[in-house]
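Only one structure is covered here, and it is reproduced in the block below.
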Amino acid sequence: MTVIRGATTIMKDCAEEIRAAVAELLEQIESRNALKRDEVLSIVFSSTSDIHSFYPAKAAREAGFASCSLFSAQEPEIEGGLALCIRVMLFVEKNITPHHVYLRGARVLRRDIAQKYNIAIDGPAGSGKSTVAKLLANDCHILYLDTGAMYRACALAALRKGVDVEDEVQVCDLMRTLELSVGYSDGVQHTYLSKEDVSALLRTPDVSMAASTISRHPSVRMKMVEKQREIASKMSCVLDGRDIGTFVLPDADFKFFLTASPEVRAKRRYDEMVARGKKVDFEALKRDIAARDKQDSTRALAPLKQADDAILIDTSEMTVEEVVETIKRKMQEKI
Ligand code: DC
């Protein structure tokens, strides 16, 4: 079984608005999750205390949900909550990855997190930050920005053009003409060089090492940081990297620094690469990670470093889900 969530808002507490908003929400949930009507077992609605004129469950029945069970409840008044909001939970027979749907400005029923906010997650290679950041972003229905992929794309461009990644002058030249952008498809980040999607080419050992080297240069960092700040200023997102909490977004609402023992980090990368069908030498990988750690944390500009106000989480003995839960709990404690 799968549970799909959603929410929408109305402008005025009247039956027509409720009918239209519920029909639209259910239609979007159906199409984004490729659902058939008879796969929906049950729908539960809750509406904010300012909605009285019509039951959302009745609107669903009228919209053609004839056979599933329907239920409507009214929430108590929550200080700072969204006004005129209808939330829904669909219980669906098949097992799918749910696409939750939030329409008309309905995000979360809390003013503190309904407004734009950014989460910074920094840490060394293999600390689990990108896996955690992705899950967290999905959970909070916000964007995930993988800043490492941006530096990796710069490195790939340099390797392709035969640019020496150690050489500031050559790298600076490359940066002048480099057209790098990120886009999202189904919530997954794609990284582009000009119009080419290079996302699948960024995770090789050569690109990893070159990314660490090229990211030392101020010309590269300033260009990447400008893009990252621009994206983060427009929408709520989780950014993971090395310098998010210290340099890119020193005022991020939530900051975390993930770490794990070098042995565990190397083992994670090893397992990841083996799972992708790559042949890897564990000892060589461990050396690469140690070299990257050193290079990333000793560079002059915005090195890998825990921000003073970041919460440190040692993930060595934790599952990804435990880390995500810990982060969410810490966020709750802060707000
Ligand atoms: O997170 P990652 O392993 O994909 O990052 C690859 C390299 O990019 C990393 O070794 C250093 C650099 N990087 C950086 O300097 N600053 C960031 N915010 C992200 C990555």
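Counting starts at 1 for both ligands and their atoms, in listed order. Computed from a predicted structure; not experimentally measured.
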Contact check, Met209 vs ligand 1, heavy-atom distance below 4.0 Å: no

Identify the closest protein heavy atom to atom 1 (O) of ligand 1: which residue and atom is it, and at what distance? Arg242 NH1, 2.8 Å

Taking only heavy atoms of Lys129, which atoms of ligand 1 are found under 4.0 Å from at least one of them? 1 (O)

Return the closest protein heavy atom for atom 13 (N) of ligand 1 as residue, atom name and distance. Tyr151 CD1, 3.6 Å

Can you check whether Arg269 has an N/O within less than 3.5 Å of an N/O in ligand 1? no

Taking the side chain as everything from C-beta on, heavy atoms only, tell me whether Glu230 gets closer than 4.5 Å to Lys234. yes

Would you kindly specify which portion of Met224 sits under 4.0 Å from ligand 1, judged on non-hydrogen atoms: side chain, backbone, both or neither? neither

Would you mind checking which non-hydrogen protein atom is closest to atom 19 (C) of ligand 1, with the distance to 0.1 Å? Thr147 OG1, 3.4 Å

To check your reading of the model: name the closest protein heavy atom to atom 18 (N) of ligand 1, its residue, and the distance in Å. Asp243 OD1, 2.8 Å

Any residue meeting ring-ring contact (aromatic ring centres under 6.0 Å, His included) with Tyr184, in chain and number order, not counting sequence neighbours: none

Given the ring of Phe247, does Arg229 sit roughly above its face, with NZ or CZ under 6.0 Å from the centre of the six-membered ring and within 45° of the axis? yes

Using a strict cut-off of 4.0 Å, indicate which atoms of ligand 1 neighbour a heavy atom of Gly241. 17 (C), 18 (N), 19 (C)

I'd like to know if the side chain of Thr315 pairs up with that of Arg265 as donor and acceptor (distance under 3.5 Å, no hydrogens or angles considered). no

Any donor-acceptor pair under 3.5 Å linking the side-chain atoms of Ser212 with those of Gln295? yes

Atom 12 (C) of ligand 1 [closest protein heavy-atom partner, distance rounded to 0.1 Å]: Ser215 OG, 3.6 Å

Residue portion contacting ligand 1 (non-hydrogen atoms closer than 4.0 Å) for Arg216: neither

Counting only heavy atoms, which portion of Arg203 has something under 4.0 Å from ligand 1: side chain, backbone, both, or neither? side chain

Hey, is Lys286 close enough to Glu263 for a salt bridge, meaning N to O under 4.0 Å? yes

Nearest 0.5 Å, please: how far is CD in Gln228 from CG in Asp243? 6.5 Å

Decide whether the shortest distance between a heavy atom of Met150 and an atom of ligand 1 is less than 4.0 Å. no

Side-chain donor-acceptor contact under 3.5 Å, Arg203 with Ser208: no

Protein contact of atom 4 (O) of ligand 1 - nearest heavy atom, named by residue and atom, plus distance: Arg152 NE, 2.7 Å

Flag the pair Arg292 and Asp288 as a salt bridge only when some basic side-chain nitrogen lies within less than 4.0 angstrom of an acidic carboxylate oxygen. no

Does the side chain of Arg242 pick up a donor-acceptor pair with the side chain of Tyr151 at under 3.5 Å? no

Heavy-atom distances under 4.0 Å are what count here, so tell me which part of Ala125 touches ligand 1: side chain, backbone, both or neither. neither

Closest to atom 16 (N) of ligand 1 by heavy-atom distance, out of Arg292, Arg221, Gln295, is Arg221

Is there a polar contact between ligand 1 and Asp296, counting only N or O atoms under 3.5 Å apart? yes

Among residues two or more places apart or on two chains, list those pairs meeting ring pair (Phe, Tyr, Trp, His ring centres under 6.0 Å) that have a residue in residues 290-332. none

